[in-house]
> 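Have a look at this one.
Values below: all heavy atoms of this structure, side chains included; hydrogens, waters and symmetry mates excluded. Note that this is a predicted model, so its numbers are computed, not measured.
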Amino acid sequence: MFGKIISAVGMACLLALLLVGCYEDRGPYTTADVKEKLTGKYPDKTINIRQNGKQTWECWFDELPEAVFQVWVGRGSGAPLPMTYSMLVSEEEEVILTYYLEQYQKEGGVLDRWELNGEILDMQFHTQYSSMAGAAQAAEQLSALFAWIEGRPFAQLAPKGRYHFQPELPWRTYSPQFHSFQETVVHGPRDELEAVLEALENSVKKYYAFYCLPCDEFSPIELEEYAVKNWPWTPKPRVRQGEEILPPELLAGIGLESGVISYGGLYTLLTRLDSDVKGTAEHFTVTGADGHSYEFSYSFWEEKEMDWTNNRTITLPVWYHLRDGFPVCIEDETDWIYRGPVVDLDAGWNIDTHDGRFHFYMPFLEITGLRASWDAGQPAS
C-alpha cells in the first residue's frame, strides 16, 4: 500500500513538473523579448520600441508612426491544474484598425451604420437590417472603406463586417431577446460586393418565404422560386397520408427549418390538401382532420416570464393558437422552434382539454392528418 501511495505522489509530481514546463511563469521580460515577438508577426516591418514602465512598452512601426500601441505582460491560466503563466500582450491590431477608421472618417468616409466590436465591424443595433434598403447602404459603406484602405501599410488588418438580420418574428435564435436574429452575413475585404448582396438578399427572402409574408422588395414569384429551391422536401422527411407517401412536389417550397413549419407554411399545406381553410397565411381558421376547430394568427402571442441561466428569469413572447376556442402553447421553452409561430412535424405535448381531461396533442398530425418521419422505414406510431 505504501508503495502505491509513493507511486501516486510521484506521478502527481511528474505531472506538475510537466505542466510547469508547458506553462512557464517567466521572470521579467526585456525589450529584446518584445522585439522578438513583434518581429515574428511582422518580419518585413521596422519596429520602434520604448519602455515606459517596469513591464510595459510603447511601440510603433516606421510605416505608420501615428499608431502608437502598447505591449505589456499579461497572465494566462493552464489546465487541468489551476496554474498561471506570464505572456507578452500587444494591441497593435486594434490600435492600427482604430487609427485607420478614424482617419478614413476625417477624410470624409462614412461609416454611420457600423461600429467597431473588437476586431470586427458590426452593424449598429439601430441599423440592423430587416430589408435590403438598409443592408445595401451598409454594404456600400464597407466596400468604400476596403477600397480606401487597400495598398496602405497593414491593410491585412482591415476588419470584416458582420451584418445582423433583425426581423419581427422569432427565427432560429437562442437569445433571450424578442428581436434577435442570429443568422449573420460576413463581408471581408476580398469578397465581391455582388456576392455579399446576394447573401443579404437570401436572408430576407428566407424569412419572408418561410413565414409566407408579403415583401415589398421581392415579388411573390421570387420568393416562391427561392422557397422551391431551398425547401424541396426530398429525400427527407417522408410525409404520409395513411399508407401513402405524399410526393415531394406537393410539399416543395413550404419552409421547413429544424423540423418545423410556420403558421403560413401550415396554411399553404392545408390549401394544397384542399382542406376547408378560411383566411390568409397570416390569420386563418380550419377544421382539422381530427374534427376540432383551429385558429392561427401571427398576432396571437403574449409575453411570459421563463426560467433562464443563473437563477434568472427572462420575458419572452410566446405564440399560441386556438383549439376549439382555447389557447394552446408550450410553456417554459425559450427556443424559437417551440415558442414561436411554428408547428413541429412530429412533436407533441400534454394539453388541458378543459373538460377535466388532458390529451397528448400532436398538432401537425391532428390538424393535417399527416405523419412525418426522417427515417427510411415506417413513421412512428
Side-chain angles (χ1 to χ4, degrees), residues 22-78 83-128 137-164 184 186-191 193 196:
C22 294
Y23 301 107
E24 181 180 4
D25 194 3
R26 289 192 47 175
Y29 286 86
T30 66
T31 299
D33 293 323
V34 176
K35 184 173 183 179
E36 180 181 358
K37 174 183 174 63
L38 295 175
T39 301
K41 293 178 68 175
Y42 308 97
D44 59 338
K45 305 298 182 184
T46 304
I47 304 166
N48 301 278
I49 305 172
R50 179 173 61 214
Q51 188 163 1
N52 67 343
K54 186 176 181 179
Q55 287 282 266
T56 58
W57 296 262
E58 282 188 344
C59 307
W60 64 95
F61 297 98
D62 276 359
E63 294 81 357
L64 202 63
E66 301 91 339
V68 179
F69 59 93
Q70 303 289 319
V71 176
W72 66 92
V73 177
R75 303 194 71 81
S77 60
M83 304 186 69
T84 60
Y85 59 96
S86 59
M87 58 184 178
L88 286 173
V89 180
S90 59
E91 61 173 3
E92 78 283 353
E93 293 186 14
E94 183 177 349
V95 168
I96 291 173
L97 180 54
T98 300
Y99 168 78
Y100 272 143
L101 293 179
E102 292 176 350
Q103 190 64 30
Y104 174 69
Q105 293 174 91
K106 285 180 182 178
E107 296 180 15
V110 178
L111 288 174
D112 60 3
R113 292 186 173 270
W114 297 96
E115 59 186 357
L116 188 61
N117 182 9
E119 296 173 5
I120 197 166
L121 286 169
D122 275 317
M123 291 191 74
Q124 294 184 16
F125 179 77
H126 65 279
T127 60
Q128 292 180 5
Q137 186 178 9
E140 291 170 1
Q141 289 184 3
L142 206 55
S143 294
L145 170 66
F146 292 153
W148 177 87
I149 206 172
E150 187 175 2
R152 296 173 186 266
F154 306 99
Q156 73 272 18
L157 300 181
K160 291 183 177 181
R162 188 165 52 194
Y163 303 81
H164 299 275
T184 60
V186 177
H187 184 179
R190 301 303 172 199
D191 295 329
L193 180 58
V196 173

> Apply side-chain contact (heavy atoms from CB on, under 4.5 Å) to Leu64 and Arg152, showing your working.
CA-CA 9 Å; Leu64 202 63; Arg152 296 173 186 266; over 6 Å; no

> Tell me, do His187 and Ser143 make a side-chain contact under 4.5 Å, heavy atoms counted?
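Counting from C-beta outward, His187 and Ser143 do come under 4.5 Å.
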
> Any donor-acceptor pair under 3.5 Å linking the side chain of Glu93 with the backbone of Leu157?
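Not a single qualifying donor-acceptor pair exists.
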
> Quick check for you: to the nearest 0.5 Å, what is the distance between Phe69 atom CZ and Leu38 atom CG?
5.0 Å

> Check the surroundings of atom CD in Glu36: do more than 12 heavy atoms from other residues, nucleotides or ligands lie under 6.0 Å from it?
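Incorrect, the count does not exceed 12.
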
> Donor-acceptor pair, Glu91 side chain versus Gln70 backbone, under 3.5 Å?
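Yes; at least one donor-acceptor contact below 3.5 Å.
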
> Would you check if Phe146 and Asp191 make a side-chain contact, meaning some heavy-atom pair closer than 4.5 Å?
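No, side chains not in contact.
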
> With a 4.5 Å heavy-atom cut-off, do Asp33 and Thr30 have their side chains touching?
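Sidechains of Thr30 and Asp33: in contact.
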
> When rounded to the nearest 0.5 angstrom, what is the spacing between CG in Leu121 and OH in Tyr163?
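Answer rounded to 0.5 Å: 9.5 Å.
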
> Using the side-chain contact (heavy atoms from CB on, under 4.5 Å) rule, take Val73 and Leu88 through it: C-alpha gap first, then chi angles, then the decisive distance, then the call.
CA-CA 5 Å; Val73 177; Leu88 286 173; 4.1 Å; yes

> Heavy-atom distance under 4.5 Å between the side chains of Pro159 and Trp114, does that happen here?
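Side-chain contact under 4.5 Å: no.
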
> Kindly check if the number of other-residue, nucleotide or ligand heavy atoms within 6.0 Å of NZ (Lys37) is above 12?
yes

> Using the ring of each side chain (for Trp, its six-membered ring), is Phe154 parallel, tilted or perpendicular to Phe61, with breaks at 30° and 60°?
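Geometry flag for Phe61 against Phe154: tilted rings.
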
> Report the distance from atom CE of Met123 to atom OG1 of Thr184, rounding to the nearest 0.5 Å.
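It is 12.0 Å, given to the nearest 0.5 Å.
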
> Please report the C-alpha distance between Trp148 and Gln103 in whole Å, then the side-chain angles of each, then the deciding distance to 0.1 Å, and finally whether the side-chain contact (heavy atoms from CB on, under 4.5 Å) criterion is met.
CA-CA 10 Å; Trp148 177 87; Gln103 190 64 30; 4.1 Å; yes

> Is the number of heavy atoms from other residues, nucleotides or ligands under 6.0 Å of Lys45 NZ greater than 12?
yes

> Closest approach of Arg113 and Gln141, non-hydrogen atoms and distance?
N-OE1, 3.4 Å

> Check whether any side-chain heavy atom of Ile49 sits under 4.5 Å from a side-chain heavy atom of Val71, and report yes or no.
no

> Using 0.5 Å steps for rounding, measure from the CG atom of Leu97 to the CD1 atom of Ile149.
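Separation between the atoms: 7.0 Å.
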
> Are Lys41 and Glu92 packed together at the side-chain level, in the sense that at least one heavy-atom pair is separated by less than 4.5 angstrom?
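Counting from C-beta outward, Lys41 and Glu92 do come under 4.5 Å.
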
> Would you indicate whether Glu107, at its atom CD, is surrounded by more than 12 heavy atoms from other residues, nucleotides or ligands within a distance under 6.0 Å?
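Result for CD/Glu107: enclosed.
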
> Just wondering, do Leu142 and Val196 contact through their side chains at under 4.5 Å, heavy atoms?
no

> Do the side chains of Asp62 and Asn48 get nearer than 4.5 Å, heavy atoms only?
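Sidechains of Asp62 and Asn48: in contact.
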
> What is the distance from atom OH of Tyr100 to atom CD of Gln105, rounded to the nearest 0.5 Å?
15.0 Å

> To the nearest 0.5 Å, tell me how far Asp122 CG sits from Lys160 NZ.
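Separation between the atoms: 13.5 Å.
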
> Can you see which heavy atom on Thr31 is nearest to which on Trp57, and at what distance?
OG1-NE1, 3.2 Å

